[in-house]
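A short worksheet on the structure shown next.
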Amino acid sequence: MKFIKNKSIGFICGSQHLYGDKLIENVSNNVKKIIGNLNNSKRIPVSINYTKVVTTSEEILKTCSELNNDKECIGVIIWMHTFSPSKMWISGLKKLTLPICHFHTQFNKEIPWSKINMDFMNINQSAHGDREFSHLLSRMNISRKIVIGHWTDENVHKEIGVWTRAALGWDEIQNLKVARFGDNMRDVAVTEGDKLEAQIKFGFSVNGYDSDDIFKEIKNLKDVDISSIIEEYFSEYEITKQLKVGEVRHSSLVDAAKIELGIERFLEKVGCMAFTTTFENLGSLKQLPGISVQRLMKKGYGFGAEGDWKVAALLRTMKVMADGIDRGTSFMEDYTYHFGHKGNSTLGSHMLEICPSISDSKPKCEIHPLSIGNREDPVRLVFNSKTGKGINVSLVDMGSSFRVILNEVESIKIKNKLPKLPVARVLLNSKPNFIDATRSWMMAGGSHHTVFSLDLNFDHLIDFCEIAKVECVKIS
Ligand code: MN
């Protein structure tokens, strides 16, 4: 599913009038060349828009205000091609609430030693112009990313791309709505937290609904809608024999499809792109939502089990940040350890709800008993995760502040068959090693619920935390 529609980044170049209009015109052409180059990079997921080269405090204030009011604009790249006395920027920066990427580049790559004169120097002054600007940002305590290097460098494109994805996450989380069907699992600590403070800090709102709100939607479904979902199941998954048409458990597959449609219809109605369920508040639902939650995550919804609204918001945010990368990002739980003679690993899984975006093959659609939830046997997708480098991310409420905890992990191949474990799973090696990573995670107060991503890395989350001004613990 695509998330990024018309989002854009504004590019502001700062200058002054000291060197005349002709020079400003040259600079303006250079800015257009730089933007054209950045827009051609596959590493930057949204388009960058040109704005007029600014030379006065009035122009700076106007440009900053316009970008700030543009709903599609998710961040601003700022570059001083020359010395732009920074007191001119104070009123504009006060208006700017968007994430800032301070792009410390220079139009010319190398010094033309035999030809260099003062005209050349005047048009290539970011070495001191950007220092003046950055002093003001530090003085005003404005967080930003600084990207350094020539604008044609691949690494520069990569860093701007990473920051852009963080800015997309920030754009998303500020307006995100999370629906909770039921409360948190009783007596659990880490899924609790201050929802009011979370909204003040990150912007996302969390509101409670009832599982019977889903049930009401189910009662209004048309047969044709349900059968089209069932068709999708048959085309996308290997359906176990019992669930096939005419077989004894087929009605359970129909019930699962109804739950999926019921949840989706309700979320659309209330405008929520993330949700939680809990097995203790299932109301009239026939099954604990399994395949339905898995498929909704694949469509881009954030999800947290047992009422975990923080991980639900984080998952939706990270899915938006990862848009178009397509390796996979899922809700996850550190479940079971393997203390092996060749090293220790963690089996990540949940009783049902793992996103098939991380599946390494066509998922199997199965039905098995589940003692938890006290309902009929739930239908679920079963698969192993893709292998490769990834991250585990946890957002916790420490009472006086929020904290994001990051651990670099590697998903490794599960060599054994698991004939009696009918849930999706991933086998993870933690970095730098099992003991240090696990101790650090626990000391930092990290949750057992995480967002596991094969799409994003430390850099994306660190940039996000910088924009959000939230504490970030990095374990690697
Ligand atoms: Mn759980």
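Both backbone and side-chain heavy atoms feed into the values below; hydrogens, waters and symmetry mates do not. Atoms within each ligand, like the ligands themselves, are counted from 1 in listed order.
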Have a look at the Mn ion (ligand 1) and estimate, to 10 degrees, the angle subtended by OE1 (E333) and OE1 (E306). 170°
Counting only heavy atoms from other residues, nucleotides and ligands, does the tally under 6.0 Å from CD1 of I435 exceed 12? no
Answer yes or no as to whether an N/O/S atom of H448 is found below 2.8 Å from the Mn ion (ligand 1). no
Surrounding NZ of K362 (heavy atoms of other residues, nucleotides or ligands, distance under 6.0 Å), is the total greater than 12? yes
For H350, the N, O or S atom at the shortest distance from the Mn ion (ligand 1) is NE2
Carefully, step by step, assess M318 and V451 under the rule side chain to side chain contact (heavy atoms under 4.5 Å, CB included). CA-CA 8 Å; M318 287 177 61; V451 176; 3.6 Å; yes
Verify the neighbour count for atom CG of D223: are there more than 12 heavy atoms of other residues, nucleotides or ligands below 6.0 Å? no
